Amino acid sequence: MKLQTQIPISRATDSIDYNSRLLLLGSCFAENIGDKFGYYKFQSLVNPFGILYQSTAIQNIAKKVVSGQEFLGDHMVSSSDQWQCLDVHSDLGRSSKKETLEAIENATKKTDNWLHGLTHVVITLGTAWAYEYKSTNSIVANCHKLPQSNFNKVLLDSVSIEDSLLETISLLKKRSPEVIVILTISPVRHLKDGFLENQRSKANLITAVHEVLEKSPEVAYFPAYEIMMDELRDYRFYDTDMVHPNQLAIDYIWEKFTSVWIDKESMAVMEKVVAVQNGLNHRPFNPESGKHQEFLKTLDQKIAYLQKEYPFMKF
């Protein structure tokens, strides 16, 4: 008896291995997948400018990193006793304007350096709803709790989203011509916008992404949204807010992602990494016992073996 419909997926040809260099940009679901890459010790950089929910915000960051454009001074604002930039997430906010600009500059340099040798980028779109800052008539990444009267809320149409994605991809390829771009849509429902509004938003994202796929055959798509909506269509797969996927759902979607994108030989290395991670998390009854000392010696040997093969791994 079949109790679940399955989203058809097939293995990618340009798979990810431990020599790959990954950049993940976008919504909080990008962070969920990024955490997985971090746990398994892949070479990855996740949202250096914080969570970015919509395509224009990601495009603006790509412009500034690749083209060297400066962040607008008019987008530096004071909010909740911190200085923030409307083009990035509040994670980069600091107590002074100078410190915030330094944090952004450091993120820019880090991202710029990471683009050299980049092999894969995963872009996860969360919503088509965006906010236009009235003072500059510009779409921004984050309102930082400023009064609503400072912004116009707009629904980006599929053409605008498509154009943003195409330019972002073009910018990344200028720096890393062989980079593999993987697009995905976050399964997180943005119900603060409204139930119907969330559906309109996701519809625009889906339309735009598939237009990009038709025009750019080298760009790939991973159906995270579809897996959540169809294979995991039950509230037991949601967190307590009934909006975000819970850990079980994240683990399930990650397994699907690995079956498509992770090189088979790398899966054996992932198992070795898990053994080390479990060992590091082990809490002995008697830390001074000979048995535990032998355990630590074996663990050190496992770490040394992995780091000899993959010097970038840090435990």
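Since the structure is predicted, the reported quantities are computational estimates derived from the model, not experimental observations.
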Test your reading of the model: is there a side-chain donor-acceptor pair from S15 to the backbone of A12, 3.5 Å cut-off? no
Membership question, hydrophobic clusters at under 4.5 Å side-chain separation (ILVMFWY): are I253 and Y39 in the same one? yes
N60 side chain to V140 backbone, donor-acceptor under 3.5 Å: no
In sequence, state the C-alpha distance, the side-chain angles, and the governing distance for N47 and L24, and then conclude on side chain to side chain contact (heavy atoms under 4.5 Å, CB included). CA-CA 6 Å; N47 275 344; L24 293 95; 5.9 Å; no
Beyond-backbone contact of F71 with M76, side-chain heavy atoms, under 4.5 angstrom: no
Tell me whether the count of non-hydrogen atoms from other residues, nucleotides or ligands lying under 6.0 Å of NZ in K153 goes above 12. yes
Indicate, with yes or no, if V274 and Y18 share a hydrophobic cluster defined by side-chain heavy-atom contacts under 4.5 Å among Ile, Leu, Val, Met, Phe, Trp and Tyr. yes
Determine whether V179 and K173 make a side-chain contact, defined as any pair of heavy atoms from C-beta on separated by less than 4.5 Å. yes
Considering only heavy atoms from C-beta outward, does the side chain of L299 approach that of V276 to under 4.5 Å? yes
Rounded to the nearest 0.5 Å, what's the gap from OG1 on T184 to OH on Y221? Could you check? 5.5 Å
Got a sec: does the CZ of R11 have more than 12 other heavy atoms crowding it under 6.0 Å? yes
For a quick test of reading the model, state the closest non-hydrogen atom pair linking G126 to K202 and the distance between them. O-NZ, 3.0 Å
Between L22 and V122, does the side chain to side chain contact (heavy atoms under 4.5 Å, CB included) criterion hold? Intermediate values first, please. CA-CA 8 Å; L22 314 169; V122 182; over 6 Å; no
H89 side chain to L52 main-chain N or O, any donor-acceptor pair under 3.5 Å? no
Do S20 and D17 have a side chain donor and acceptor closer than 3.5 Å? yes
Do I33 and V188 land in one hydrophobic cluster if side-chain heavy atoms of ILVMFWY residues count as linked below 4.5 Å? no
Regarding Q307 and K41, do their side chains bring together a donor and an acceptor under 3.5 Å, going by distance alone? no
Do I139 and V77 share a hydrophobic cluster, counting only Ile, Leu, Val, Met, Phe, Trp and Tyr and linking them when any side-chain heavy atoms are less than 4.5 Å apart? no
Going by heavy atoms in the side chains, are Q84 and T100 under 4.5 Å from each other? no
Can you check whether S27's main-chain N or O pairs, donor with acceptor, with T124's side chain at less than 3.5 Å? no
L92 and A107: which non-hydrogen atoms are nearest, and at how many Å? CD2-CB, 4.0 Å
Show, in sequence, the C-alpha distance, side-chain angles and deciding distance for S55 and T168, and conclude whether the side chain to side chain contact (heavy atoms under 4.5 Å, CB included) test is met. CA-CA 9 Å; S55 59; T168 298; over 6 Å; no
Search all heavy atoms of I262 against all heavy atoms of M270 and return the closest pair with its distance. CG2-SD, 3.7 Å
Find the distance between CG (L23) and OG1 (T111) and round it off to the nearest 0.5 Å. 7.0 Å
Side-chain donor-acceptor pair present, Y252, E231, cut-off under 3.5 Å: yes
Should we count CD of E178 as having more than 12 external heavy atoms under 6.0 Å? no
Can you tell me how the ring of H120 sits relative to the ring of W261, calling it parallel under 30°, perpendicular over 60° and tilted otherwise? perpendicular
Just by distance, no angles: are the side chains of H190 and D193 close enough, under 3.5 Å, to form a donor-acceptor pair? no
For a quick test of reading the model, state the closest non-hydrogen atom pair linking P187 to M229 and the distance between them. O-CE, 3.9 Å
Is L86 close to L146 at the side-chain level, that is, under 4.5 Å between some pair of heavy atoms? yes
Atom of F29, atom of A224 and distance for their closest heavy-atom approach: CE2-CB, 3.6 Å
Of all heavy-atom pairs between S259 and I9, which one has the smallest distance, and what is that distance? OG-CD1, 3.9 Å
Can any side-chain N or O of S158 pair as donor or acceptor with the backbone N or O of A208 at less than 3.5 Å? no
Other residues, nucleotides and ligands only: do more than 12 of their heavy atoms fall within 6.0 Å of CD on E265? no
Rounded to the nearest 0.5 Å, what separation is found between the CZ atom of F222 and the CD1 atom of I7? 10.0 Å
I'd like to know if the side chain of R21 reaches the main chain of Q43, judged simply by a donor and an acceptor atom lying under 3.5 Å from each other, with no hydrogens or angles considered. no
Does D81 have more than 12 heavy atoms from other residues, nucleotides or ligands lying within 6.0 Å of its CG? no
Should the pair F37 and F42 be assigned to parallel (<30°), tilted (30 to 60°) or perpendicular (>60°) ring geometry? perpendicular
Student check: side-chain heavy atoms of E102 and R94 closer than 4.5 Å: no
Begin with the C-alpha distance, continue with both residues' side-chain angles, and end with the deciding distance and a verdict on side chain to side chain contact (heavy atoms under 4.5 Å, CB included) for E294 and S289. CA-CA 9 Å; E294 186 65 29; S289 68; over 6 Å; no
Side chains of Q247 and D251: is there a donor and an acceptor less than 3.5 Å apart? yes
Determine whether the side chains of D157 and S160 contain a donor N or O and an acceptor N or O closer than 3.5 Å. yes
Name all residues meeting the salt bridge (Lys or Arg N to Asp or Glu O under 4.0 Å) criterion together with K302; count only those two or more places apart in sequence or in a different chain, and write none if there are none. none
Are there more than 12 heavy atoms of other residues, nucleotides or ligands under 6.0 Å from atom OH of Y305? no
For the residue pair Q59 and K63, establish whether any side-chain heavy-atom pair is separated by less than 4.5 Å. yes
Evaluate the ring planes of Y238 and Y235, with Trp represented by its six-membered ring, and classify them as parallel (under 30°), tilted (30 to 60°) or perpendicular (over 60°). tilted
Under 3.5 Å: donor-acceptor pair, side chain of W114, backbone of P48: no
Side chain Q6, main chain I227, donor-acceptor under 3.5 Å: no
Short side-chain to backbone donor-acceptor contact, R189 and N198, under 3.5 Å: no
State, with a plain yes or no, whether a side-chain heavy atom of F49 is found less than 4.5 Å away from one of D91. no
Heavy-atom neighbours of K110 NZ exceed 12 at 6.0 Å: no
Same cluster (ILVMFWY, side-chain, under 4.5 Å), L125 and M228: yes
